[in-house]
Protein chains: 2
Amino acid sequence: MVTIQDVAKAAGVSPMTVSHVINEHPHVKTATRQKVLVAISALDYRVNIAARNLRTGRTGTIGLAVPELDRPYYGHLAALITEAAAEHKLHVVVEQTGATRESELRALALSRNRLYDGLILATVGLGAADSDLLRVDHPVVILGERIFDGPVDHIALPNVDGAQTAVTHLIESGCRRIAILDAAAPEAPHPDDAAPGERAAEVNVSTLRHTGYRTALAAAGIAYDPALVTGVERFTMRGGAEAATRLVESGVPFDGVFCVTDTVAMGALRAFATLGIRVPADVKVIGFDDVPESEYLVPSLSSIAPDHDETARTAVRLLVDRIQHGATGRPAREVVSGYRLVARETTAG
Amino acid sequence: MVTIQDVAKAAGVSPMTVSHVINEHPHVKTATRQKVLVAISALDYRVNIAARNLRTGRTGTIGLAVPELDRPYYGHLAALITEAAAEHKLHVVVEQTGATRESELRALALSRNRLYDGLILATVGLGAADSDLLRVDHPVVILGERIFDGPVDHIALPNVDGAQTAVTHLIESGCRRIAILDAAAPEAPHPDDAAPGERAAEVNVSTLRHTGYRTALAAAGIAYDPALVTGVERFTMRGGAEAATRLVESGVPFDGVFCVTDTVAMGALRAFATLGIRVPADVKVIGFDDVPESEYLVPSLSSIAPDHDETARTAVRLLVDRIQHGATGRPAREVVSGYRLVARETTAG
DNA sequence: TTGTACGCGTTATCAG
DNA sequence: CTGATAACGCGTACAA
């Protein structure tokens with residue numbers, strides 16, 4: 001391994017001078033600079049980032065931790081954040097947490113974070129109950145469901161409002177029996193049903209969007225029918241296809257479906273095609289996320305489009321601010337992303 | 001920042017002993033270990049990876065550099081490689097190169113690589129002419145087109161054979177006028193057309209798959225018609241849709257389309273739907289890559305499925321071997337991935 | 001304008 | 001079983 005010392009020796013100067021050249025400090029004679037540059041390229045010298053990092057405490061890199069890399073939503077997010085970070089001259093590296101609460105906490109706590117100047121953590125497994133665990137001393141921005149009064153900066157997706165808008169759109173398109181495909185296991189009670197003082201069920205993407213669904217129904221005077229709620233094992237295409245198939249096989253009539261994510265909707269659309277159910281003629285479908293694929297599906301998928309670009313930019317901006325002004329200085333901020341309804345063929349008249 | 005020294009002081013031992021405990025060295029009395037562990041958790045100490053890395057030269061992390069993160073193929077690849085690496089107790093971080101030759105070379109040469117024990121580089125921009133530039137001293141595995149006799153370990157996709165199989169499948173399905181959507185700019189001459197001694201045009205995914213296309217046509221006695229070759233600006237859905245639209249508007253008759261990637265095919269399918277061209281009734285379509293989405297499209301997309309799982313596992317295995325046995329010891333190896341034809345609805349009778 | 005000395009936090013070596 | 005010492009490669013402060 002060729003070090004800065006080797007370069008110094010080769011150029012006939014001190015290591016310090018080499019350092020000055022590398023870091024483009026002004027007070028180096030041009031002739032000296034040239035000698036050093038020649039030596040650097042002759043020896044193919046590269047600075048040792050680990051050493052520099054140890055000395056300076058900065059890496060110029062931020063981490064992005066996402067639940068799963070092979071879901072369009074996160075791929076898109078990663079691309080946008082990479083772009084936004086570049087404007088701040090920061091590199092982005094992405095890692096996969098695995099979509100469980102434990103793994104997300106691990107990503108957060110891992111000493112590895114020392115290799116990043118900051119971390120953007122996209123969560124699905126963390127709940128409001130984990131608030132305390134989010135208290136870390138390095139710059140972190142959480143991207144995900146709503147965690148009120150959390151100790152870290154946090155960008156919340158417009159889950160409730162977005163879902164309500166989606167379902168309202170189905171209603172306005174003429175649907176009356178609207179099914180929902182969302183997370184399977186813990187039956188999410190409607191907030192209104194919770195006994196006073198009782199802790200609400202875990203807050204996550206699914207329960208929030210479920211809430212929006214119920215709110216929209218209620219606003220339109222449509223009764224909530226548990227038979228129309230179908231659980232999705234995982235928020236994947238396969239999960240969506242299986243859930244949609246179960247919904248159809250249950251025999252319960254429905255004329256609209258709100259899918260918790262576009263990926264789930266893609267699975268559902270496929271299942272409907274297989275079962276001979278026409279979209280949008282027989283059933284209208286809407287998703288959430290507006291992943292790039294949605295526009296190109298046949299039929300193209302209506303969706304709720306959070307302002308991804310703005311979200312990415314805000315996440316990076318908040319993080320950069322923490323990096324520059326200290327992780328624990330200012331109180332935590334919460335930002336809710338904007339969104340818009342994108343009506344496409346799956347909800348066409 | 002709490003250091004190993006702080007822990008040592010708190011536990012009343014030397015920093016060295018703390019290090020022994022952290023790294024689970026055997027010869028530490030249980031009582032001592034306990035004291036240290038207590039101090040560690042009391043102080044919430046985390047090892048400083050940068051310092052450890054500086055000292056040991058290992059990070060336990062490998063890098064994966066891909067052209068673009070928001071393409072299903074790379075997302076899927078990243079997920080599989082992460083999984084494969086976990087079996088070797090290695091972390092994976094993914095970064096985006098940007099799909100240009102320069103950026104890929106930069107990813108390769110970057111001092112940043114010192115933060116990884118090794119790098120898996122998925123290429124699209126690099127050509128055979130860059131062989132020399134690939135000569136680096138740290139462990140690297142290239143994933144991409146075929147670069148014969150390159151200086152680094154290399155996993156090649158079965159581009160030529162796979163494309164030939166895809167086009168042959170179209171022919172066997174009854175197609176006679178088969179269009180191809182592939183890279184736009186430099187007209188790729190068929191190897192047979194190159195004058196002897198003349199350097200072949202740049203070798204990349206597109207030219208290789210183009211070669212497979214021509215080989216399949218030739219084998220079936222079908223004349224190559226340049227009018228059926230349509231350039232795709234970028235290998236995105238949008239690029240595919242635009243190219244397909246141009247193809248149709250050109251007025252040239254065709255009954256089959258081979259798309260250079262599944263993502264391009266998704267765009268093409270959408271364009272055909274918009275233009276009222278039925279798939280597979282009017283035109284049959286096949287892609288390449290077999291991304292997870294393909295199975296769920298309507299109609300589901302026939303494709304060439306490289307053995308992604310095996311590819312990921314092999315890439316990691318080769319890299320681990322280099323990490324353990326030195327980057328420059330053994331001569332470079334080239335492995336070609338296996339593949340299979342997946343016939344779905346877009347090429348159904 | 002250039003050089004010297006030291007410290008960042010950790011671990012390898014080797015002695016006790 | 002535990003600890004002292006040195007070293008990893010770089011950057012900062014200060015001296016020359």
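A, B, ... follow the sequence lines: proteins, then strands. Residue 1 opens every chain.
Atom pair B:Leu54:CG and C:dG7:P shows a separation of 16 Å (rounding to whole Å applied). In this entry the distance linking CG of A:Asn48 with P of D:dC10 reads 6 Å, nearest Å. Between the CD1 atom of B:Ile49 and the P atom of C:dT10 there is a distance of 10 Å, given to the nearest Å. Computed from coordinates, the B:Asn53 CG to C:dA12 P distance equals 13 Å when rounded to whole Å. To the nearest angstrom, C1' of D:dC8 lies 11 Å from CD of A:Gln5. Here C:dA12 presents its C1' atom at 15 Å from CZ of B:Arg58, a figure rounded to the nearest Å. For the pair B:Leu115 CG and D:dC10 C1', the computed distance is 14 Å after rounding to whole Å. Computed from coordinates, the B:Met1 CE to C:dT10 C1' distance equals 12 Å when rounded to whole Å.
Sorted by first and then second residue, the pairs that involve residues 317-327 of chain B and meet side chain to side chain donor-acceptor pair (under 3.5 Å), not counting sequence neighbours, are B:Asp153-B:Arg322, B:Asp321-B:His325, B:Asp321-B:Arg330, B:Asp321-B:Arg333. Each ring-ring contact (aromatic ring centres under 6.0 Å, His included) pair with one or both residues in residues 61-82 of chain A, not counting sequence neighbours, appears once here: A:Tyr73-A:His308, A:His76-A:His308.
Scored by the side chain to side chain contact (heavy atoms under 4.5 Å, CB included) test, B:Thr61 finds A:Arg112, B:Thr59, B:His91, B:Val93, B:Tyr116 as partners (sequence neighbours excluded). Judged as a salt bridge (Lys or Arg N to Asp or Glu O under 4.0 Å), and not counting sequence neighbours, the contacts of A:Glu87 are A:Arg313. Every residue two or more places apart in sequence or in another chain that forms a side chain to side chain contact (heavy atoms under 4.5 Å, CB included) with A:His138 is listed here: A:Asn113, A:Val136, A:Val140, B:Arg46.
Counting all heavy atoms, side chain and backbone alike, B:Gln96 lies closest to B:Pro67 at CG-O, 3.2 Å.
Proximity note for A:Ala51 (side chain, C-beta onward) versus C:dT2, D:dC10, C:dG9: the nearest is D:dC10. Listed candidates were C:dT1, C:dT10, D:dC8. Nearest to the side chain of A:Thr32 is C:dT1. Side-chain atoms of A:Thr17 lie closest to C:dT2 of the nucleotides C:dC8, C:dT2, D:dT2. Here D:dG3 is the nucleotide among D:dC10, C:dC8, D:dG3 with the atom lying nearest to any side-chain atom of B:Val13.
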Under 3.5 Å, which protein N or O atoms sit close to an N or O of nucleotides 12-16 of chain D? Give each pair with its distance.
| from | atom 1 | to | atom 2 | distance (Å) |
| --- | --- | --- | --- | --- |
| D:dT12 | O4' | A:Arg55 | NH2 | 3.3 |

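Surrounding CD of B:Glu24 are at most 12 heavy atoms belonging to other residues, nucleotides or ligands under 6.0 Å away.
Remark: A:Ser14 is in phosphate contact with C:dG3, judged by side-chain N or O atoms under 4.0 Å from OP1 or OP2.
When heavy atoms are screened at a 4.0 angstrom cut-off, A:Ile4 is found touching the sugar-phosphate backbone but no base atom.
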